Amino acid sequence: MFTQLTQFFTPPKAKNVVRSLIKQEAKIGGQLFGHVPKGHRRDFFCLDSKTWVWYEGWTDANGQEQSVTTRYEIRPTGVVKVQDGQQYHYVRGQELQNLLQAARVYYQRVTEEVYHRQPAI
């Protein structure tokens with residue numbers, strides 16, 4: 001019986017489930033900031049308990065693929081922003097307020113739309 005059950009819970013299948021859930025969450029998160037223009041891809045998601053990711057990709061006027069990835073790391077000393085090879089810096093002021101609001105709305109929508117539960121906020 002155990003060997004029959006383990007075939008359904010192998011690491012590759014578990015990884016695919018996690019990827020699928022993150023993809024669903026990221027799509028919802030990408031819509032939080034308004035309309036996504038045609039030809040753009042926008043994702044915003046919680047990667048783990050201390051990391052949020054914002055990704056935007058598009059094709060420029062010359063037909064070249066462009067993208068920006070921003071990672072927000074939650075640390076005991078504050079939220080650190082890391083963006084495509086630039087220096088780390090702490091998020092403050094309006095940007096921090098916007099991030100907090102986005103995280104709240106993300107949590108509410110993802111909880112309802114992906115996991116079909118009522119958020120505990």
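Since the structure is predicted, the reported quantities are computational estimates derived from the model, not experimental observations.
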Contact between [X] and [Y] at the side-chain level, heavy atoms closer than 4.5 Å - yes or no?
{"X": "Trp54", "Y": "Phe45", "value": "no"}
{"X": "Phe33", "Y": "Val105", "value": "no"}
{"X": "Val80", "Y": "Tyr72", "value": "no"}
{"X": "Gln24", "Y": "Lys27", "value": "no"}
{"X": "Gln31", "Y": "Arg109", "value": "yes"}

To the nearest 0.5 angstrom, please state how far the [atom1] atom of [X] sits from the [atom2] atom of [Y].
{"X": "Asn98", "Y": "Leu32", "atom1": "CG", "atom2": "CG", "result": "12.0 Å"}
{"X": "His40", "Y": "Gln66", "atom1": "NE2", "atom2": "CD", "result": "10.5 Å"}
{"X": "Lys23", "Y": "Leu21", "atom1": "NZ", "atom2": "CG", "result": "12.0 Å"}
{"X": "Glu112", "Y": "Tyr107", "atom1": "CD", "atom2": "OH", "result": "10.0 Å"}
{"X": "Gln97", "Y": "Arg92", "atom1": "CD", "atom2": "CZ", "result": "12.5 Å"}

Cluster overlap [X] with [Y], hydrophobic side-chain contacts below 4.5 Å:
{"X": "Tyr115", "Y": "Ile28", "answer": "yes"}
{"X": "Leu47", "Y": "Val114", "answer": "yes"}
{"X": "Ile74", "Y": "Val110", "answer": "yes"}

key: Minimal non-hydrogen separation, Glu25 against Cys46, with atom names   =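 Nearest pair, atom of Glu25 first, then Cys46: OE1-O, 4.3 Å.
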request  = Heavy atoms only: give me the nearest Asp60-Asn62 pair and the separation to one decimal.
outcome  =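 Here Asp60 and Asn62 meet closest at OD1-N, 2.9 Å.
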request  = Identify, with sequence neighbours excluded, every residue that meets side-chain contact (heavy atoms from CB on, under 4.5 Å) alongside Leu96.
outcome  =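 If we apply the side-chain contact (heavy atoms from CB on, under 4.5 Å) test to Leu96, skipping adjacent residues, the hits are Val79, Val91, Leu100.
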Chi angles and distances behind the side-chain contact (heavy atoms from CB on, under 4.5 Å) call for Val53, Thr69 = CA-CA 7 Å; Val53 177; Thr69 302; 4.1 Å; yes
inquiry  = For Arg75, give me all partners under salt bridge (Lys or Arg N to Asp or Glu O under 4.0 Å), at least two apart in sequence or on another chain.
reply    =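 Per chain and number, Arg75 pairs via salt bridge (Lys or Arg N to Asp or Glu O under 4.0 Å) with Glu73.
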message = Once salt bridge (Lys or Arg N to Asp or Glu O under 4.0 Å) is applied, do any residues pair with Lys81, and if so which ones, sequence neighbours excluded?
response =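 So Lys81 forms a salt bridge (Lys or Arg N to Asp or Glu O under 4.0 Å) with Glu95.
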Between [X] (side chain) and [Y] (backbone), is there a donor-acceptor pair under 3.5 Å?
{"X": "Ser20", "Y": "Asn16", "value": "no"}
{"X": "Tyr106", "Y": "Ala26", "value": "no"}
{"X": "Asp43", "Y": "Gly30", "value": "no"}

message = When you compare the side chains of Tyr90 and Thr77, does any donor N or O come within less than 3.5 Å of an acceptor on the partner?
response =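 Thr77 and Tyr90 do have a side-chain donor-acceptor pair below 3.5 Å.
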ask   = Of Glu65, Arg41, Gln64, which is the lone residue that meets side-chain hydrogen bond (donor to acceptor under 3.5 Å, both in side chains) with Thr59?
value =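 Of the listed options, the one satisfying the test is Glu65.
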query = Taking the inter-plane angle between the rings of Trp52 and Phe44 on a 0 to 90° scale, is it parallel (under 30°), tilted (30 to 60°) or perpendicular (over 60°)?
reply =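 Answer is parallel, since the angle falls under 30°.
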request  = Report the C-alpha separation of Thr111 and Gln118 in whole Å, then their side-chain angles, then the decisive distance to 0.1 Å, and conclude whether the side-chain contact (heavy atoms from CB on, under 4.5 Å) test is met.
outcome  = CA-CA 6 Å; Thr111 301; Gln118 288 298 317; over 6 Å; no
